[in-house]
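Note that the coordinates shown come from a computational prediction; the quantities given were computed from them, not determined experimentally. Chain naming here is simple, since letters A, B, ... match the order of the sequence lines and numbering starts at 1 in each.
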2 protein chains.
Amino acid sequence: MAEKDCPIENTFKLINGKWKSVIIYQISKYEPCRFSELQKLIPDCSKRMLALQLKDLEEASIIQKHVYSTVPPKTEYTLTEVGKSLVPIIGSINQWGKKYTKK
Amino acid sequence: MAEKDCPIENTFKLINGKWKSVIIYQISKYEPCRFSELQKLIPDCSKRMLALQLKDLEEASIIQKHVYSTVPPKTEYTLTEVGKSLVPIIGSINQWGKKYTKK
DNA sequence: CGGGATCCACCGCGATACTG
DNA sequence: CAGTATCGCGGTGGATCCCG
């Protein structure tokens with residue numbers, strides 16, 4: 001019998017969403033990151049998606065948003081401890097991809 | 001500048017699809033697995049989806065299908081070397097999920 | 001600058017039924 | 001037993017415009 005609620009599935013829900021893992025990875029490399037920085041780092045992710053994914057990640061307590069209420073506005077994203085604990089996993093996924101993903 | 005083609009994204013394409021990672025995990029624990037075994041192990045995954053995902057994984061050379069042309073038919077799924085190399089990663093995802101995924 | 005709101009196209013996925 | 005075929009809908013994500 002399979003375990004009733006699957007940690008794998010739950011975890012995937014968090015880092016899935018098409019861009020979340022990449023966002024976490026980029027933030028881990030360059031944090032703190034501004035919104036516009038992330039746009040440049042992940043050009044294939046639309047502005048809308050980036051905003052949505054960041055919101056999801058924030059609600060999942062994986063990243064933290066710091067808003068500076070200046071004009072023009074400025075925000076910075078950093079990883080939480082939970083988010084940091086995810087980095088090695090994403091790192092190994094990255095390594096695996098380099099090895100086994102051809103082209 | 002972001003790397004042009006992202007290994008993370010590529011890898012996620014492989015193990016994504018909602019059930020693939022769970023399928024790999026279950027096969028790694030019980031291989032060789034029959035189709036009906038996997039159905040019982042992952043009851044939330046519909047028969048149709050299971051078939052589709054297994055086909056994807058086979059085409060990605062992550063699993064191998066062995067068909068016994070008997071009556072009634074019998075198939076067994078096993079991991080390839082590539083598939084096995086994925087197991088530790090999925091394992092750590094599982095561990096992470098146990099820790100940080102509440103209820 | 002850093003988003004949110006709205007509209008819409010696509011396709012992932014379930015339900016059901018059929019086949020070798 | 002181990003799949004495939006067809007239908008249909010709901011969610012995901014892109015394009016565009018707006019707003020503090």
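- B:K47 comes within contact range of at least one nucleobase, with a heavy-atom separation under 4.0 Å.
- Rounding to the nearest 0.5 angstrom, the gap separating the CG atom in B:L54 from the CD1 atom in B:I27 is 6.0 Å.
- Looking at A:E31, its side chain does come within 3.5 Å of a backbone N or O of A:L79 through a donor-acceptor pair.
- Between atom CD of residue A:Q53 and atom OG of residue A:S21 there is a gap of 9.5 Å, rounded to the nearest 0.5 Å.
- Sorted by first and then second residue, the salt bridge (Lys or Arg N to Asp or Glu O under 4.0 Å) pairs involving residues 50-59 of chain A (not counting sequence neighbours) are A:K20-A:D56.
- Pairs passing the ring pair (Phe, Tyr, Trp, His ring centres under 6.0 Å) check and including a residue from residues 59-84 of chain B, sequence neighbours excluded, do not occur.
- Looking at heavy atoms from C-beta onward, A:Q39 lies in side-chain contact with A:K47 at the 4.5 angstrom threshold.
- Nucleotides of DNA chain C with any atom under 4.0 Å from a heavy atom of chain A span, from 5' to 3', C:dC1 to C:dT6.
- Among residues two or more places apart in sequence or in another chain, the side chain to side chain contact (heavy atoms under 4.5 Å, CB included) test is passed with A:P73 by none.
- Each of B:R48 and B:Q39 was matched to the nucleotide of DNA chain D holding its nearest heavy atom; the match closer to the 5' end belongs to B:Q39.
- Side-chain atoms of B:E9 never come within 3.5 Å of backbone atoms of A:W19 as a donor-acceptor pair (strictly under, hydrogens ignored).
- One end of the helix from C:dC1-D:dG20 to C:dG20-D:dC1 points its axis 50° away from the other end's axis, with each axis taken from 5 pairs and the angle rounded to 10°.
- Every side chain to side chain contact (heavy atoms under 4.5 Å, CB included) that B:R34 has, sequence neighbours left out, goes to B:S36, B:E37, B:K74, B:E76.
- The only member of B:P43, B:C45, B:C33 that meets side-chain contact (heavy atoms from CB on, under 4.5 Å) when paired with B:L38 is B:C33.
- DNA chain C is contacted by A:P72, A:P73, A:T75, A:Y77 of residues 67-78 of chain A, taking any non-hydrogen atom closer than 4.0 Å.
- Interface limits on DNA chain D: the 5'-most and 3'-most nucleotides within less than 4.0 Å of chain B heavy atoms are D:dC1 to D:dT6.
- Residue B:T11 holds its OG1 atom at 7.0 Å from CD1 of A:I93, rounded to the nearest 0.5 Å.
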Please list every donor-acceptor pair under 3.5 Å in which a side-chain atom of residues 80-92 of chain B meets a protein atom from a residue at least two apart or in another chain.
| residue | atom | partner | partner atom | Å |
| --- | --- | --- | --- | --- |
| B:T80 | OG1 | B:S61 | O | 2.6 |
| B:T80 | OG1 | B:I62 | O | 3.1 |
| B:T80 | OG1 | B:V82 | N | 3.4 |
| B:T80 | OG1 | B:G83 | N | 3.1 |
| B:S85 | OG | A:W96 | NE1 | 2.8 |
| B:S85 | OG | B:V82 | O | 2.5 |
| B:S92 | OG | B:P88 | O | 3.4 |
| B:S92 | OG | B:I89 | O | 2.7 |

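- To the nearest 0.5 Å, the span separating OG1 on A:T75 from NZ on A:K65 amounts to 6.5 Å.
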